[in-house]
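Here you go, one structure.
In what follows, every chain begins at residue 1, and chains take the letters A, B, ... in the order their sequences are listed.
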Amino acid sequence: MPGSLTLWFLVLQRLGIALLTLLIVSFAVFFATELLPGDVAQILLGQAATPEAVAGLRHAMGLDEPAILRFFGWLAGLVHGDLGTSYVNKMPVAQLIGDRLINSLKLAGVTTVVSVPISLLMGIAAAMWRGSIFDRVISTLTISLISVPEFLVATLSVLVFAVWLGWLPALSYGADTSSFTALLKAYAMPVITLSFVISAQMIRMTRAAVIETINTPYVEMALLKGASRRRMVLGHALPNALGPIANAIALSLSYLVGGVIIVETIFNYPGVAKLMVDAVSTRDLPLIQSCAMIFCVSYLSLITLADLIAILSNPRLRH
Amino acid sequence: MKTLSNPLLLISHAHHGYAFNKVGRAGLAVIIFWGLIAIFGPLIEPYPPGQIASYDIFTPVSAEHWMGLDYLGHDVFSRVLMGARYTVGIALASVFLACTGGVILGMIAAVAGGLFDMILSRLLDAFNGIPSLLFGLVAVAAVGSSIPVLVLTLAAIYLPGSYRFARALAVNVNTMDFVTVARARGEKTPYLILREIFPNILGPVLADLGLRFVFIVLVLSGLSFLGLGVQPPNADWGALVRENVEGLSLGAPAIIFPCIAIASLTISVNLFIDNLPTKIRDRS
Amino acid sequence: MKKIPMNWSGQDDAMVENAIRRGATRRELLKMLMASGVGAAAGGSLLMRADRAVAATPKSGGNLRAAGWSSSTADTLDPAQASLSTDYVRCCAFYDRLTFLNETGNVENELATELATDDAQTWQIKLREGVTFHDGKAFGADDVVFSLKRHLDPAVGSKVNSIAKQMTEISKVDDKTVKIVLDQPNADLPTILSLHHFMIVAEGTTDFSKGNGTGAFICETFEPGVKSLATKNPNYWKENRPYLDSFEFFAITDNNARVNALMSGDIQLAASVNPRSMRILKSDPKVVTSVSTSGNYTNLNMRLDLNPGDKAGFVEGMKYLLNREAIQKSVFRGLAEIANDQPISPADRYHNPNLKAREFDPEKAKALFEKAGVLGTEIPIVASDAATSSVDMATIVQQAGDQIGMKFKIDRVPSDGYWSNYWLKAPVHFGNINPRPTPDILFSLLYASDAPWNESQYKSAKFDKMLAEARGALDDSKRTQMYWEMQEMVANEAGTAIPVYISNVDALSDKVGGLKPNPLGGMMGYDFARHVWLES
């Protein structure tokens, strides 16, 4: 039982550290936003921003008090679970984020379910048959796929499947999702585009990590003694490579929440990545902060999970 | 496939020594080719990269314009030659910085462990938590736009990922018997890192470097929209693809050739890494 | 459908459509086409397309999905704060103005039935009877007074605060009459009231998210940065309008994605498509395009009070170095009209046709730069994607400079914060000005000595005096005379080089009928929703 106790202790410790990390990020984001030229009143007025108009609007929006005080006010609200109110449209940030976060998580979830198992399988298989035609094809194919810019993959797939063939809707949001097939159709292109982007890293890292563990003297010895290749890979090499693999997967997946701006733009899919871009461009501090916190929480939970997997998979790290 | 079922294959590989295989050599040749273009390209450009050669756009290949004309009537061939310098140079410099920094820090953290590891890891996590859009905009606002700033920004964005992966690998190696033995012998940390850890994580680290190189080549063009990229009339290859995207539905060479240039470079770099002489790759 | 010749540009389509509207016969049109080198067969199919765009009978019903090009969490249904095309489209659907500009650029009454004045300074506005807001409240003078007075309150953040300031008194005479007194005579008041920001909202409104107006559509859902859904207002005061049962509006920021969504049938209208997409759009028989050239332009600004703009000869040299033809043909694929460095476009009836654009003349420019003593120095030009096509224009200037040994360094800066950070501030930079309905608005905003957006810091006492005089002139020919002279002054003296007036291209499904170009901008001056219909 001491093993599981240390584990619990570890989780608690990481949780505490995660909160601290969030606080640091929040301050960093605040200072970064303050460094950017222009404030929300100036940006909202755009070309019509005369000094008196800016002053008037700033006053009306309640932005007279120093930014740092407003920031502390926001932090205090956050402790009570209140994400604040958007400066720009006076709507509660929670309401602005709500649906769009669900959209983002849906897309990320489906992409994960599709891409992670496939990537793992392909990576392991490539490592097992290292140097074979299969390995080479997989390696070259994955690199080719990520060498094509994401916006090009997305645009090209819309052109082929929506415009020329007419099989799929060009826009994912607002498309008919009443039946399962319709839902499948609406999600097909964004999910495939995103899978292309994130699979390559997972496949290649899995392959490299597994090969590295196959190369250890222990495995080499066992193989020389005639142990089954498959058993050695699955039973010994893979568990030892799980740490790095989990980290590679975590890094890839963390991209799915905040980094999918291109896919959101091209498929007109309202998620949190576009929300963050909007927030930054209007200097809407409560919204920027809330989005940054969401990205950070998802990133931290993914890497913490990866670290835990690494520790659990390597018996020597457990003590 | 017959020989592949032979478990000895792996071992026999390890005895090839420093010999380069054909694929690796081909990869190297393409990299050198682009390297030469990056250096001498501007000397052989038929047109200045900003010159409008014709009022026609997205034309097919012709004797006069080998890769056709782009969205504004520039000669695409000249622009691809010009772009090599920026893409190859910037991507190599920033991937080198990001991976060297990340791997060294990662190994130190893994070997040193304890508080140092924890603080460094969490700091880099926090850094990764800052959205890169915000980071890029702040970089421009604070220090302005220039190629060194661009390289440093890219390195900063990609360092935490490299660190995390290298550290995860090094932590695993660090628990191996031979490291424990070396430590018991009284070897110092630098020795452990250089002689015991580094050779044993080199393979995956290089694979990671190859991938990061691809990402950086592609993200370059995105940064030019933040005002951080290469300034006009020059452009990197990714930017060439982006500015000609309207030519996609017309199948214009203006969009195909920059894509081929990017793919040939990134694939070669990765093939080269995959096929490095086994003595270098797997020094375990 | 016959193949359209490659060199046939959208501008020619617009020419044909305009000719048909003016009442040209088919034979005259064909002759016109032959003269411009188009074969009879291709000419015929062009005419068919133009015919279809012009003449058709409206049908009722259907749901229209339309996509603009920009949308963010800053989307608003408050007309005073409306800043983007997306806001204008929605405001036009949910609210009405007192007046509006029709496609010929003439003022028509909307919620006003009469605007009377003797001296252009005191105005009596009679209001339409029997109009109600969506929530059932009757429309009256109080609403108009409230709606107009809002713009004077700095806390509202109105985009037209500087224009509204001339209304020194806005008061209710009786329930259906409003009196407006101006600080000085302005004969343009009816046109000014047609600006999108002067939409009429219900008295006392503070929450604008419901879009409660008197407009042709009722707001069902409105999610800033996502989309809006509107349904037909059954009590709309205008007979038989709108035709559509409902319409959905959102933005697809990526040009290709917008074009693709139209061609795949996911949307029926794609606003403001890139001229480079013209070729692919023309190849699709189910798509038609609508071109409107109004006063939108991207201009090169040289501050006259900063180096190098303060050196005599530099500004003029730059105007000669601007290769307008290259900008028109390469950057805008012919979908632009060459401009002559002043803001009044040919779409405006006060445009001075005698003022010719400067020819591209690098040698003359070189001599002028030599005179200014700037030849051989490196001059930075600030460009950004925020100002349409300015980066491409900058490279054209740079290229022309290389020919004569004049070095320009392009500083491409982020769109983010461009208007508050670089515009009006950098010594040499690009701006982008949207169409405005009257010369007075443009000149007051951009060229008067105290203009809020005096892009080049142009100061001329003579110009200011003429501006005030023309504003109050009720005699149109005298007014025209003055505006023509002022255009000359701006073209020759100000530090703003205006190379072309940019056409706006909207692409739509051939099922959409009734869309016509409007001088206030694309999508029928953003007011398409209540004028278009869907063929089944």
Side-chain angles (χ1 to χ4, degrees), chain A residues 17 20-21 24-25 28-29 32-33 35-37 129-132 136 139-140 143-144 146-152 155-156 159 200-201 204-205 207-209 211-212 214-217 220 223-224 226 229 240 243-244 247-248 251 258 276-277 280 288 292 295-296 299-300 303 310 314 316-317, chain B residues 1 4-5 7-11 13-14 23 118 122-123 125-131 133-135 137-138 141-142 161 164-165 167-169 171-172 175-176 178 200-201 203-204 206-208 210-211 214-215 217-218 221 238 241-242 245 248-249 255 259 262-263 266-267 270-271 274 282 284:
Chain A
I17 294 171
L20 193 67
T21 312
I24 295 173
V25 169
V29 167
T33 315
L35 272 176
L36 292 182
W129 293 297
R130 184 188 179 189
S132 68
R136 282 176 198 284
S139 293
T140 316
I143 294 297
S144 316
I146 51 162
S147 298
V148 186
E150 196 180 345
F151 65 88
L152 202 61
T155 309
L156 194 63
L159 203 59
Q201 188 175 20
R204 287 186 66 79
M205 292 302 114
R207 174 184 177 276
I211 285 176
E212 205 64 7
I214 291 179
N215 284 344
T216 54
E220 286 182 5
L223 285 174
L224 273 176
R229 192 179 166 73
N240 270 316
N247 268 289
L251 287 177
M276 177 76 181
V277 173
V280 169
I288 298 177
F295 300 159
C296 202
Y299 173 71
L300 288 179
I303 58 169
N314 189 334
R316 287 180 232 223
L317 281 176
Chain B
M1 294 294 277
L4 291 173
S5 55
L8 281 171
L9 182 93
L10 268 174
I11 319 287
H13 248 327
V23 183
M118 196 178 82
R122 296 302 82 88
L123 270 183
D125 283 348
F127 181 74
N128 221 13
I130 302 171
L133 164 76
L134 205 54
F135 184 75
L137 283 174
V138 169
R164 171 152 280 280
F165 190 63
R167 184 189 161 277
L169 288 162
V171 161
N172 267 354
T175 60
M176 300 271 180
F178 57 86
N200 284 296
I201 64 168
L206 282 172
D208 180 58
L211 273 178
V214 183
F215 291 145
V217 165
L218 294 183
S221 67
V241 176
R242 207 177 271 253
V245 70
L248 185 66
S249 44
I255 196 166
C259 278
I262 292 176
T266 52
I267 293 173
N270 282 281
L271 283 183
D274 285 350
D282 312 324
S284 52

Turns out that what part of Leu35(A) lies under 4.5 Å from chain B's heavy atoms comes down to both
Could you give the distance from CG (Asp274(B)) to CD1 (Ile211(A)), rounded to the nearest 0.5 Å?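 Those atoms lie 8.0 Å apart.
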Q: Give the member of Ile130(B), Leu248(B), Leu169(B) that has the highest number of heavy-atom pairs under 4.5 Å with chain A.
A: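 When all of Ile130(B), Leu248(B), Leu169(B) are compared, Leu248(B) has the most.
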Least distance between heavy atoms, Gly129(B) atom then Cys296(A) atom:
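Looking at all heavy atoms of both residues, the closest pair is CA-SG, 4.0 Å.
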Within the structure provided, determine whether Asn270(B) and Arg204(A) are in side-chain contact (heavy-atom separation under 4.5 Å).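 The answer is yes, as the side chains (C-beta and beyond) meet within the 4.5 Å cut-off.
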### Query
Going through the distances and angles, do Arg136(A) and Val23(B) end up as a side-chain contact (heavy atoms from CB on, under 4.5 Å)?
CA-CA 10 Å; Arg136(A) 282 176 198 284; Val23(B) 183; 3.5 Å; yes
Would Leu211(B) and Ile143(A) satisfy side-chain contact (heavy atoms from CB on, under 4.5 Å), going step by step from the backbone distance to the final call?
CA-CA 8 Å; Leu211(B) 273 178; Ile143(A) 294 297; 4.0 Å; yes
Nearest heavy atoms of Phe151(A) and Arg242(B), plus distance in Å
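Nearest pair, atom of Phe151(A) first, then Arg242(B): CZ-CA, 3.5 Å.
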**Request:** Give a yes or no on whether the backbone of Leu300(A) and the side-chain of Asp125(B) come within a donor-acceptor separation of less than 3.5 Å.
**Result:**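 No, the answer is negative, given that no donor and acceptor are paired below the 3.5 Å cut-off.
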Applying a strict 4.5 Å limit to non-hydrogen atoms, the region of Ile24(A) in contact with chain B is side chain
* So, do Ile17(A) and Met118(B) sit near enough that their side-chain heavy atoms are less than 4.5 Å apart? -> yes
If one checks every heavy atom of Val214(B) against chain A at 4.5 Å, the contacting part turns out to be side chain
Under 4.5 Å to a heavy atom of chain B? For Leu156(A) that would be both
Interatomic distance, CD1@Ile303(A) vs CZ@Arg122(B), rounded to 0.5 Å, equals 6.0 Å
key: Contacting region of Phe178(B) [heavy-atom separation from chain A under 4.5 Å]   =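 The answer is neither part of Phe178(B).
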* Asked: Quick one: are Val29(A) and Pro131(B) in side-chain contact, heavy atoms under 4.5 Å?
  ->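 Yes, at least one pair of side-chain atoms sits under 4.5 Å.
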Proximity breakdown for Leu218(B) and chain A, heavy-atom pairs closer than 4.5 Å |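 For Leu218(B), the contact with chain A is made by the side chain alone.
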Q) Roughly how far, to the nearest 0.5 Å, is CD1 of Ile267(B) from OG1 of Thr140(A)? A)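 Spacing of OG1 (Thr140(A)) from CD1 (Ile267(B)) equals 7.0 Å.
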Scanning both residues in full, the closest heavy-atom pair of Cys259(B) with Leu152(A) reads SG-CD2, 3.2 Å
* Tell me, side chain or backbone of Leu271(B) under 4.5 Å from chain A's heavy atoms, or both, or neither? ->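 Side chain only.
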Minimal heavy-atom distance between Gly161(B) and Leu251(A), with the atoms involved, is O-CD1, 3.7 Å
The interface call for Leu159(A) against chain B, heavy-atom contacts under 4.5 Å, is side chain
On a heavy-atom basis, the closest approach of Leu137(B) and Val280(A) is CD1-CG1, 3.6 Å
Smallest heavy-atom separation, Ser147(A) atom then Ile262(B) atom, equals O-CG2, 3.5 Å
Of Ala248(A), Ala28(A), Ala200(A), Ser144(A), the largest count of non-hydrogen pairs under 4.5 angstrom with chain B goes to Ser144(A)
Examine whether an atom of Ile255(B) lies under 4.5 Å from a heavy atom of chain A, and if so say whether it belongs to the side chain, the backbone or both; otherwise answer neither.
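Interface part for Ile255(B): side chain.
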